[in-house]
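Here it is, the structure, as structure tokens.
No experiment lies behind these values; they were computed from the predicted model shown. Here is how names work: the chains are called A, B, and so on, in the same order as the sequence lines, proteins then strands, and each is numbered from 1. What's counted below: heavy atoms across the whole structure, side chains too, no hydrogens, waters or symmetry copies.
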2 protein chains.
Amino acid sequence: MDLPEDGDPLDLDRQVCFPLYAASNLLNRLYRPILAELGLTYPQYLVMLVLWKQTPQTVGSLGDMLYLDSGTLTPLLKRMETTGLISRTRDAGDERRVLIDVTAKGRALRSAAENVPAVLAAGIEIDATSVAQLRDQVRGLVAILHGDSKNADTASS
Amino acid sequence: MDLPEDGDPLDLDRQVCFPLYAASNLLNRLYRPILAELGLTYPQYLVMLVLWKQTPQTVGSLGDMLYLDSGTLTPLLKRMETTGLISRTRDAGDERRVLIDVTAKGRALRSAAENVPAVLAAGIEIDATSVAQLRDQVRGLVAILHGDSKNADTASS
DNA sequence: CACAATAATATTGTTCACAATATTATTGTG
DNA sequence: CACAATAATATTGTGAACAATATTATTGTG
């Protein structure tokens, strides 16, 4: 009774993509004021998460991890350079590349960012199990959409 | 073993929101060329889905259903008016409201849009059961995020 | 009826996200 | 080594999203 055959395929309630779209917007809206205190937007926060793990990165390596391209990242990284969180320097070994590194200011921001997940979680009434389940399912979809069919076992066994 | 306690809370792989963000971007990227043939963007497509179901709508009613506000919808609807898919007229009964209706051109687009879901599904290798499961889980999250706690029983209790 | 309070939409300014294209550097083939 | 092919990043132009604010219309209270 949930087959795509019966009913209108153009019904908003049938769409898979709409809830994802809505959830993404709503989450961004929830993150915004929290991250604003750190002087970050959500995609900028994602860049910092990567850089806090491993540095330096290139525009391309950031794009691979965040599923974004230079058209989005270049201006974003320039803004982050302006606010003093990162540095952008041409790779001497390969002048095509731009190395992205954290500055002292960017490194200092880490401790303040550490309770962002907790603050956010406090604003959402959902238990940890559901969250993990949801995360893994969406991750499976991302893998499929990105063509990493190796990781495409959303709910299989 | 999946508790938020162990490990770094700022690890990209632990984030719930990132997969949702990535999935939303990737899906939009997938929709874009398909909808471009109809002269639509994804949010414009969502507006048409609503209007094909029930008309007229107001800016506010569309916003309620799509979780968007006038700051996003007003310019979007103006563009759709320009392309001739919808009409925007002040409600005579309440001049604050703007009634959004489909034009003949917008109505004619419906049949062409009917196979969008199928074309899209063809591009994603995922079974219907997983999709439905994912959809319902994300829908649960949307309900929580939006404060509709009535529908917030993703897996609670 | 006056007029504050509220409601619905519009505007402004900033930051993404993207396709298409341009620019510059490196690699590969002869 | 020349020079086409490729790779990495940047630029351009369009369309969202959003917070904050402005504008206009209606409602409610006296």
Exercise for review: Mind listing the residues from residues 50-60 of chain A sitting with a heavy atom below 4.0 Å of DNA chain D? Number order is fine.
Suggested key: A/T58, A/V59, A/G60

Point to revise | Interatomic spacing from CG in A/L66 to OG1 in A/T72 - rounded to 0.5 Å | key: 10.5 Å

Check your understanding: Using a cut-off of 4.0 Å on non-hydrogen atoms, how would the nucleic acid contact of B/S70 be classed: base, sugar-phosphate, or nothing?
Key -> base

Practice item. List the atom of A/I86, the atom of A/R88, and the distance in Å for their closest heavy-atom pair. Key: CD1-CG, 4.2 Å

Exercise for review: Counting Watson-Crick and G-U wobble pairs whose two distances are both under 3.5 Å, find the runs of 3 or more in a row that involve DNA chain D.
Suggested key: C:1-30 with D:1-30

Check your understanding: Once you round to the nearest 0.5 Å, how far does CG of B/L73 lie from CG of B/L62?
Key -> 6.0 Å

Exercise for review: Quick one: closest heavy-atom pair of B/M65 and A/F18, and the distance?
Suggested key: O-CZ, 3.3 Å

Exercise for review: Following the transitive rule for hydrophobic clusters with a side-chain heavy-atom cut-off under 4.5 Å over Ile, Leu, Val, Met, Phe, Trp and Tyr, establish whether A/M80 and A/V50 coincide in one cluster.
Suggested key: yes

Revision key, fill the gap. Nearest heavy-atom contact between B/R29 and A/Y67 is NH2-O, 2.8 Å

Study note, to complete from the structure: Whole-Å distance, B/L68 CG to C/dA10 P, equals 14 Å

**Study point:** Strand-adjacent residues in residues 84-101 of chain B, judged by heavy atoms under 4.0 Å from DNA chain C
**Key:** B/R88, B/R90, B/R96, B/R97, B/V98

Revision key, fill the gap. Of all heavy-atom pairs linking A/D8 and A/L10, the shortest is OD1-N, 2.8 Å

Exercise for review: Quickly work out the A/L30 CG to D/dC18 P distance and round it to whole Å.
Suggested key: 12 Å

Review point. Does A/N115 reach the main-chain N or O of A/A118 with its side chain, forming a donor-acceptor pair under 3.5 Å?
Key: no

**Study point:** Protein-nucleotide distance (B/L62, atom CG; D/dA16, atom P), rounded to Å
**Key:** 14 Å

**Study point:** A/K78 vs D/dT9: side-chain N/O to OP1/OP2 distance below 4.0 Å
**Key:** no

Check your understanding: Could you state the CG-P distance from B/N25 to D/dG15, rounded to the nearest angstrom?
Key -> 18 Å

Review point. With no hydrogens and no angle check, do the side chains of A/D101 and A/T55 hold a donor and an acceptor under 3.5 Å apart?
Key: yes

Exercise for review: Starting at CG of B/L145, measure out to CD1 of A/I124 and round the result to the nearest 0.5 Å.
Suggested key: 5.0 Å

Practice item. Would you indicate, yes or no, if D/dA10 has its OP1 or OP2 atom less than 4.0 angstrom from a side-chain nitrogen or oxygen of A/T74? Key: yes

Practice item. Could you tell me the separation between the CD atom of B/Q44 and the C1' atom of D/dT14, rounded to a whole number of Å? Key: 11 Å

Review point. Relative to the 5' end of DNA chain C, which residue comes earlier, A/P43 or A/D69, by the nucleotide with the nearest heavy atom?
Key: A/P43

Exercise for review: Identify whether any heavy atom of B/T41 sits under 4.0 Å from a base atom; if not, whether one sits that close to sugar-phosphate; answer base, sugar-phosphate or nothing.
Suggested key: sugar-phosphate

Exercise for review: To the nearest Å, give me how far apart CZ (B/R79) and P (D/dG15) are.
Suggested key: 6 Å

Check your understanding: Given atom CG of A/L27 and atom C1' of D/dC18, what is their separation to the nearest angstrom?
Key -> 15 Å

Point to revise | Distance-minimising heavy-atom pair for B/R139 and A/R14 | key: NH2-N, 4.5 Å

Practice item. Describe the nucleic acid contact of B/Y21 in one word from base, sugar-phosphate, nothing, applying a heavy-atom distance below 4.0 Å. Key: sugar-phosphate

Review point. B/L73 near the nucleic acid: base, sugar-phosphate alone, or nothing, with a heavy-atom cut-off under 4.0 Å?
Key: nothing

Point to revise | Spacing between B/L77 atom CG and D/dA17 atom C1', to the nearest angstrom | key: 14 Å

Review point. How many angstroms lie between atom CG of A/L85 and atom CG of A/L40, to the nearest 0.5 angstrom?
Key: 6.0 Å

